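A quick write-up on the structure given underneath.
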2 protein chains.
Amino acid sequence: MTTAKSDTIAAQISKTLAARIIAGEIEAGAKLRQDHIAEEFGASHVPVREAFKRLESQGLVVSEPRRGVRVAGFSVDEVREVAEMRAALETLALRNAVPHLTRAILDQAEEANRAGDRALNVQAWEMANRTFHRILLAPCGMPRLLKAIDDLHTASARFLFSGWRAEWEAPTDRDHRAILDALRAGQTEIAATTLARHVQTIGQKKPK
Amino acid sequence: MTTAKSDTIAAQISKTLAARIIAGEIEAGAKLRQDHIAEEFGASHVPVREAFKRLESQGLVVSEPRRGVRVAGFSVDEVREVAEMRAALETLALRNAVPHLTRAILDQAEEANRAGDRALNVQAWEMANRTFHRILLAPCGMPRLLKAIDDLHTASARFLFSGWRAEWEAPTDRDHRAILDALRAGQTEIAATTLARHVQTIGQKKPK
DNA sequence: ATTCTAAAAATTATCTATAATTTGGACTAA
DNA sequence: TTAGTCCAAATTATAGATAATTTTTAGAAT
């Protein structure tokens with residue numbers, strides 16, 4: 001998680017907290033005390049509050065007025081919900097991206113996929129996986145859609161990390177290759193349905 | 001727009017500003033000066049900033065660090081984007097809602113539809129339209145999905161109001177009836193595809 | 001006339017301080 | 001013991017003040 005120095009303090013705090021929540025360093029349901037966090041970052045609590053607002057819109061924390069914010073929990077139902085939303089939105093993005101996909105872009109995606117295969121831990125694999133999806137979908141040119149998908153990826157990553165914590169081995173991603181092959185062959189529909197199925201299987205990998 | 005007294009000041013400001021932006025009272029691209037707004041609401045600028053954050057997550061304003069926020073513009077591309085996202089997400093919600101739909105719920109939806117036919121202005125029609133969609137989709141029990149759809153409805157409403165401003169006549173909504181008929185007959189797929197087409201036509205009603 | 005520079009004004013972002021609300025615990029009464 | 005209530009501590013929410021940044025304006029040089 002790169003916290004650019006040009007960002008506002010609120011943005012930096014938001015990114016750092018998001019990374020912690022996703023990594024599972026802060027457990028679900030834990031209260032986030034604004035004064036404590038402000039002290040840790042050497043800031044006042046005003047930018048902390050703004051960071052909270054951002055995290056809330058990403059679905060990482062829930063806030064009750066006058067009672068503070070706590071890390072959002074996630075049930076199996078929510079994991080499934082996120083997976084289904086991803087399937088719906090990523091297929092939409094893919095269909096709109098296809099006309100703009102070039103050979104070079106597909107090669108980039110393949111490289112990202114190989115990076116995933118080489119990943120030594122789940123964090124590295126997740127980053128490569130996200131890159132793969134982003135490279136393929138970005139050419140759709142629909143910024144609002146891409147942002148929504150990105151937030152859903154964040155939610156997915158949280159679930160992924162919570163499940164695979166200790167033992168983990170890089171799965172060679174057959175689905176990714178199948179998607180690439182279909183795209184190279186101009187079979188948009190096959191690519192889209194494969195992507196939809198692929199995303200939904202993520203929600204089924206059992207935690208622990 | 002009901003601003004409950006129990007809400008925080010930030011929430012009240014956010015709702016009021018959202019209503020103004022949707023109604024077109026503040027034009028796209030206009031700067032929102034936090035001090036001026038704070039003064040108008042008799043508050044300090046801290047809750048104003050938090051309200052801005054909320055509006056940003058809804059896509060109603062865009063913010064550049066250290067340069068303030070301005071009302072988001074919306075091109076025809078963005079309108080189409082929102083329409084396509086709605087089509088994808090609302091069909092997903094509908095498919096998941098169908099098993100929980102009862103006769104009573106369908107009757108409620110029909111009543112909302114009639115309210116739309118009786119609407120005297122575009123605002124009343126929009127509210128009835130949103131109610132219709134919400135009644136049908138809420139039983140899916142996917143809160144994150146429903147919130148996303150609601151934000152997209154807000155964006156759609158902005159476009160709708162900008163187009164039809166002065167002259168307007170209530171269109172009897174054939175699509176809504178077709179959806180209800182299909183649901184009553186247990187034809188989920190027909191209902192879903194009709195809904196998808198219905199949502200996308202909204203993006204095609206030409207403004208002016 | 002135009003463009004570059006610098007000072008001034010306006011605005012945003014943050015900090016410190018104050019007010020309001022909630023939570024937890026102790027004490028009292030049933 | 002068990003509620004119930006009240007007080008104190010902790011925490012959130014807002015206000016007022018300060019610092020930092022950007023935009024505007026004026027002036028000078030080409």
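In this text the structure is predicted, and so the values were computed from the model without any measurement. Protein chains get the first letters and strands the later ones, always in sequence-line order, with residue 1 at the start of each.
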Partners meeting side chain to side chain donor-acceptor pair (under 3.5 Å) with A/Thr131 (sequence neighbours left out): none

Those stems involving DNA chain D that have three or more consecutive Watson-Crick or G-U pairs, both distances under 3.5 Å, are C:1-30 with D:1-30

Got a sec, which residues hit side chain to side chain donor-acceptor pair (under 3.5 Å) with B/Arg20, two or more places apart in sequence or on another chain? B/Glu40

Looking at A/Arg114 and A/Glu110, is there a salt bridge between them, counting it only when a charged N and a carboxylate O are closer than 4.0 Å? yes

What is the per-nucleotide protein-contact pattern of nucleotides 12-22 of chain C, from the 5' end, where B denotes a base atom under 4.0 Å from a protein heavy atom, S denotes such proximity for sugar-phosphate atoms only, and - denotes neither? BBBBBB---SS

Between B/Asp117 and B/Arg177, does at least one N-O distance fall below 4.0 Å, as a salt bridge requires? yes

So which pairs with a foot in residues 21-34 of chain B pass side-chain hydrogen bond (donor to acceptor under 3.5 Å, both in side chains), sequence neighbours left out? B/Gln34-B/Arg49

Could you work out, with side-chain contact (heavy atoms from CB on, under 4.5 Å) as the rule, every residue matching A/Val62, not counting sequence neighbours? A/Arg70, A/Ala72

Pair B/Arg86 + B/Asp151, salt bridge at N-O below 4.0 Å: no

